[in-house]
Every structure is written in C-alpha cells, then in structure tokens.
*Asks:* 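Encoded as structure tokens, here's the structure I'll be asking about.
Reckoned from all heavy atoms, side chains included, excluding hydrogens, waters and symmetry mates. Start at 1 with the first residue, then count along the sequence.
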Amino acid sequence: MQIEISANITDSDREELFCGLDGYNSQFIDTRLWGQFGVYSRNTSGAMVGGLLASREGLWVRIDYLWISEEARGSGLGSMLMKAAEQEGKRTGCRHALVDTFSFQALPFYVKQGYQLQMSLPDFPEEGIQRHYLTKQNLI
C-alpha cells in the first residue's frame, strides 16, 4: 500500500474519494434531498448588497456563508436573509440550523438571531482567533 501526499487535488481524485465516501454513508443516511440554496438581496441597480449560501443536510440547514455589504449593514438585511434561509430550510423538512463564525465576525449577531453557542475552537485558523459553532433548534 502506497501513501501519496498531493497539494494538487484533481477533480478526478475528489470525485473518486467522494464516490467511495458516499457509497459507505448511504448505508446510514439518505442524502437524496440534500442540496444547496442561496438567498440574495440586490439594490435597484441589480448589484448584490447581501447574500447567504446554505446547505440542507437531513433535518438541518447549515448557513455556509453570509455577507452584507458595508452600505447595507445595520439595516436589518442580515436578519431578513437568515429568516428567509430558516424558512426555506423548514419548508424542505429541516428542523434545526447550524452556523459557524470567526471571533472577528458575527457571534453577537447570530446569538441575537436565537442561535446558541455549542463550541469554540481556540487559535483557529490562526493564533488569537476563535471559530464558534452555533445551533438553533426548532425552526419557526
């Protein structure tokens, strides 16, 4: 058996690995309804002023990325995007939500949205920075 370390991950390597992993996991988890969705807000010119990318995974909706432009911060747009994502998750069968954020980002914002801190990783990805994981139960 040979071990190979590569800084160049090819699409073929990724596909082969995920195919094997999915084959094993499918014995335990039904992933047919899993998927991603986006929630976006654009100004009158059509430029995006905020957006969110999320993933549905079983009973969970995971907020993968949330961005609000400087001009739209403080306007309530972040809360509206989160609410829309939670509603879409619920519509598609999700009961809970998961999000992670760095210590320099939006921990107070997510707590204000009803998320509860579950875990923090110190010095991730660098010294002095934390990565926080939060969940929200029983989506409304």
Side-chain angles (χ1 to χ4, degrees):
M1 203 174 303
Q2 182 180 349
I3 302 295
E4 173 187 350
I5 297 175
S6 175
N8 180 27
I9 301 170
T10 66
D11 290 342
S12 175
D13 289 340
R14 181 179 285 110
E15 176 80 22
E16 189 174 353
L17 187 143
F18 285 150
C19 184
L21 184 60
D22 289 345
Y24 177 78
N25 289 349
S26 67
Q27 301 171 74
F28 307 98
I29 301 171
D30 182 3
T31 60
R32 289 176 295 178
L33 299 178
W34 289 28
Q36 296 179 312
F37 64 92
V39 181
Y40 311 110
S41 178
R42 300 183 187 279
N43 64 19
T44 56
S45 302
M48 188 181 295
V49 294
L52 177 153
L53 297 178
S55 301
R56 290 182 311 274
E57 296 181 1
L59 298 177
W60 289 80
V61 60
R62 185 181 70 226
I63 309 302
D64 297 315
Y65 301 99
L66 171 64
W67 169 75
I68 307 297
S69 68
E70 289 293 330
E71 67 195 68
R73 289 189 184 162
S75 69
L77 178 58
S79 297
M80 289 186 281
L81 293 171
M82 290 293 292
K83 184 78 163 172
E86 291 169 5
Q87 289 173 343
E88 175 63 11
K90 184 175 181 180
R91 186 189 70 75
T92 58
C94 297
R95 296 182 194 160
H96 317 287
L98 169 68
V99 67
D100 68 273
T101 188
F102 292 115
S103 52
F104 60 86
Q105 289 178 325
L107 179 62
F109 168 78
Y110 292 117
V111 171
K112 185 178 175 184
Q113 304 308 308
Y115 285 74
Q116 295 182 332
L117 182 64
Q118 299 298 318
M119 179 182 80
S120 297
L121 294 176
D123 297 329
F124 186 91
E126 298 178 8
E127 190 171 330
I129 298 174
Q130 292 182 321
R131 189 167 188 172
H132 304 292
Y133 293 84
L134 301 97
T135 61
K136 186 173 189 179
Q137 305 297 324
N138 304 314
L139 294 179
I140 54 173

*Asks:* Could you measure the distance from the CG atom of D11 to the CZ atom of F18? Nearest 0.5 Å is fine.
*Replies:*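 Answer rounded to 0.5 Å: 11.0 Å.
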*Asks:* Report yes or no: do W67 and L98 belong to one cluster of Ile/Leu/Val/Met/Phe/Trp/Tyr joined by side chain heavy-atom distances under 4.5 Å?
*Replies:*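 Looking at the clustering, L98 is in a separate group from W67.
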*Asks:* Pairs in or reaching into residues 87-109: which pass ring pair (Phe, Tyr, Trp, His ring centres under 6.0 Å), with residues at least two apart or in two chains?
*Replies:*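 Qualifying pairs, neighbours excluded: W60-H96, F102-F104.
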*Asks:* In chain order, what residues pass the side chain to side chain contact (heavy atoms under 4.5 Å, CB included) check against E71, with sequence neighbours excluded?
*Replies:*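 Listed in chain order: N43, V49, S69.
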*Asks:* Run the side-chain hydrogen bond (donor to acceptor under 3.5 Å, both in side chains) test against T101 and tell me which residues pass, sequence neighbours left out.
*Replies:*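 For T101, the residues satisfying side-chain hydrogen bond (donor to acceptor under 3.5 Å, both in side chains) (neighbours in sequence not counted) are Q105.
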*Asks:* Return yes when atom OH of Y133 has more than 12 non-hydrogen atoms of other residues, nucleotides or ligands closer than 6.0 Å, and no otherwise.
*Replies:*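 Yes, because the 6.0 Å sphere around OH of Y133 holds more than 12 heavy atoms from other groups.
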*Asks:* Quick one: CG on L21 to CD on E16, what's the gap to the nearest 0.5 Å?
*Replies:*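 The CD atom of E16 is 12.5 Å from CG of L21, to the nearest 0.5 Å.
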*Asks:* About how many Å separate CD of E88 and CG of L52, when rounded to the nearest 0.5 Å?
*Replies:*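 Reported value, rounded in 0.5 Å steps: 11.0 Å.
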*Asks:* Which pairs of donor and acceptor atoms, one on a side chain in residues 74-82, lie under 3.5 Å apart (sequence neighbours left out)?
*Replies:*
residue : atom : partner : partner atom : Å
S75     : OG   : A72     : O            : 2.6
S75     : OG   : L77     : N            : 3.4
S79     : OG   : Q113    : OE1          : 3.4
S79     : OG   : Q113    : NE2          : 3.0

*Asks:* Would you call L33 and T92 a side-chain contact if the rule is heavy atoms closer than 4.5 Å?
*Replies:*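 With C-beta onward as the side chain, the pair stays apart.
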*Asks:* Within a radius of less than 6.0 Å around CZ of R95, do more than 12 heavy atoms belonging to other residues, nucleotides or ligands occur?
*Replies:*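 It does not: R95 CZ has 12 such atoms or fewer within range.
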*Asks:* Tell me the closest heavy-atom pair linking Y115 and A97, and the distance in Å.
*Replies:*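 Looking at all heavy atoms of both residues, the closest pair is OH-CB, 3.3 Å.
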*Asks:* Any ion pair linking K83 and E86 (charged N to carboxylate O, less than 4.0 Å)?
*Replies:*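 Here E86 does not pair with K83 in a salt bridge, since their nearest N and O are not under 4.0 Å apart.
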*Asks:* With a cut-off of 6.0 Å (strictly less than), are more than 12 heavy atoms of other residues, nucleotides or ligands near CD of Q27?
*Replies:*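 For Q27, atom CD is crowded (more than 12 foreign heavy atoms under 6.0 Å).
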*Asks:* Do the side chains of L117 and I129 join up, straight or via other hydrophobic residues, at under 4.5 Å, putting them in one cluster?
*Replies:*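 Each belongs to a different hydrophobic cluster.
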*Asks:* Of the options N8, I9, T10, which is the one that meets S6 in a side chain to side chain contact (heavy atoms under 4.5 Å, CB included)?
*Replies:*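 That would be N8; it is the only one of N8, I9, T10 passing the side chain to side chain contact (heavy atoms under 4.5 Å, CB included) with S6.
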*Asks:* Applying side chain to side chain contact (heavy atoms under 4.5 Å, CB included) to Y40 and L53, what does each step give before you reach the verdict?
*Replies:* CA-CA 9 Å; Y40 311 110; L53 297 178; 3.5 Å; yes
*Asks:* Side chains of residues 118-128: which donor-acceptor partners sit under 3.5 Å, not counting sequence neighbours?
*Replies:*
residue : atom : partner : partner atom : Å
Q118    : NE2  : Q116    : O            : 3.4
Q118    : NE2  : T135    : OG1          : 3.0
S120    : OG   : H132    : ND1          : 2.6
D123    : OD1  : G128    : N            : 2.8

*Asks:* For the residue pair V39 and A84, what are the closest heavy atoms and their distance?
*Replies:*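 Taking V39 first and A84 second, the nearest heavy atoms are CG1-CB, 3.9 Å.
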*Asks:* Could you pull out all residues at least two apart from S55 that satisfy side chain to side chain contact (heavy atoms under 4.5 Å, CB included)?
*Replies:*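 Scan of S55 (side chain to side chain contact (heavy atoms under 4.5 Å, CB included), adjacent residues dropped) gives Q36, E57, R62, D64.
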*Asks:* Determine whether N25 and T31 make a side-chain contact, defined as any pair of heavy atoms from C-beta on separated by less than 4.5 Å.
*Replies:*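 A side-chain contact is absent here, since even the closest heavy-atom pair is not under 4.5 Å.
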*Asks:* Please tell me whether W34 and F28 are part of a single hydrophobic cluster in this structure, the criterion being side-chain heavy atoms less than 4.5 Å apart.
*Replies:*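 Yes, W34 and F28 fall within the same hydrophobic cluster.
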